[in-house]
Amino acid sequence: MTKQEALDRRYLRMARIWAENSYCVRRQVGAIIVKDSMIISDGFNGTPSGFENVCEDESNHTKPYVLHAEANAITKVARSNNSSEGATLYVTASPCIECAKLIIQAGISRVVYGELYRLSDGIDLLNRAGIETELIDNF
């Protein structure tokens with residue numbers, strides 16, 4: 001195993017631990033943005049700041065305003081003095097198409113994910129944009 005592969009697995013494990021902060025019942029997702037060997041942002045799926053920490057409605061459907069882990073990490077770095085240009089995003093599940101658009105616009109150059117989301121259109125869009133994507137399972 002190369003040094004990069006070892007780091008990728010380590011950061012994915014950190015993203016999985018960060019996912020434990022999510023109050024979502026159906027699925028907990030974590031994300032970490034790394035640049036120059038430093039974690040510059042993190043996120044997990046959940047409701048916007050100031051909202052109750054309940055992600056699902058009475059029918060167990062995800063509420064439409066729940067933010068994905070990637071969106072939380074990207075908006076968090078946007079409020080900081082850091083730049084995500086050229087960074088790597090580690091996320092426990094592959095990004096949806098909406099998050100893929102944010103990833104492209106944030107200048108993130110690489111996405112490492114731990115499992116495939118039910119739809120692959122996010123990964124397809126990232127690849128079309130020239131962003132390196134890599135699935136690492138069993139991390």
(request) Would you check if Lys35 and Thr88 make a side-chain contact, meaning some heavy-atom pair closer than 4.5 Å? (result) no
(message) Quick check: closest heavy atoms across Ser41 and Ala73, and the distance to 0.1 Å?
(response) OG-O, 2.7 Å
(request) Decide if atom CD of Gln105 counts as having more than 12 heavy atoms of other residues, nucleotides or ligands within a radius under 6.0 Å. (result) no
(message) For Ala87, is there any backbone N or O sitting under 3.5 Å from a side-chain donor or acceptor partner on Ser84?
(response) no
(message) Count I, L, V, M, F, W, Y as connected when their side-chain heavy atoms are under 4.5 Å apart, and connections chain through other members. Are Val66 and Tyr23 then in the same cluster?
(response) no
(request) Would you check if Pro95 and Tyr117 make a side-chain contact, meaning some heavy-atom pair closer than 4.5 Å? (result) no
(request) Please name the pair of heavy atoms, one in Ala100 and one in Gly122, separated by the smallest distance, quoted to 0.1 Å. (result) CB-O, 3.4 Å
(request) Starting at OG of Ser83, measure out to CG of Asn81 and round the result to the nearest 0.5 Å. (result) 11.0 Å
(request) Hey, could you give me each pair passing salt bridge (charged side-chain N to carboxylate O under 4.0 Å, His left out) that has a residue in residues 91-119? Not counting sequence neighbours. (result) Asp8-Arg110, Arg27-Glu115, Glu98-Lys101, Arg110-Glu132, Arg110-Glu134
(message) Given 3.5 Å as the limit, does a donor-acceptor pair link the side chain of Ser59 with the main chain of His61, or not?
(response) no
(request) Starting at CG of Leu67, measure out to OG1 of Thr75 and round the result to the nearest 0.5 Å. (result) 6.5 Å
(request) Measure the shortest side-chain to side-chain distance between Arg16 and Gln28 over non-hydrogen atoms and say whether it is less than 4.5 angstrom. (result) no
(message) Can you give me the closest heavy-atom contact between Ala19 and Gly30, atom names plus distance?
(response) CB-N, 3.3 Å
(request) Indicate whether the side chain of Thr133 and that of Asn127 have a donor and an acceptor atom separated by less than 3.5 Å. (result) yes
(message) Contact between His68 and Cys96 at the side-chain level, heavy atoms closer than 4.5 Å - yes or no?
(response) yes
(message) Same cluster or not: Phe44 versus Ile39, using hydrophobic residues (I, L, V, M, F, W, Y) connected whenever any side-chain heavy atoms lie under 4.5 Å apart?
(response) no
(request) Can you see which heavy atom on Gly43 is nearest to which on Trp18, and at what distance? (result) O-CD1, 3.3 Å
(request) Give the minimum heavy-atom separation between Glu52 and Thr47, together with the two atoms involved. (result) O-OG1, 2.9 Å
(message) Between Glu56 and Arg26, is there a side-chain heavy-atom distance shorter than 4.5 Å?
(response) yes
(request) Would you mind listing the cluster partners of Ile74? Hydrophobic ones only (ILVMFWY), side-chain contacts under 4.5 Å, chaining allowed. (result) Val29, Ile33, Ile40, Val77, Leu89, Val91, Ile97, Leu102, Ile103, Ile104, Ile108, Val111, Tyr113, Leu116, Ile123, Leu125, Leu126, Ile131, Leu135
(message) I need the Asn82 CG to Lys76 NZ distance, nearest 0.5 Å.
(response) 11.0 Å
(request) For residues Ser109 and Gly86, report the shortest heavy-atom separation together with the two atoms involved. (result) OG-O, 3.2 Å
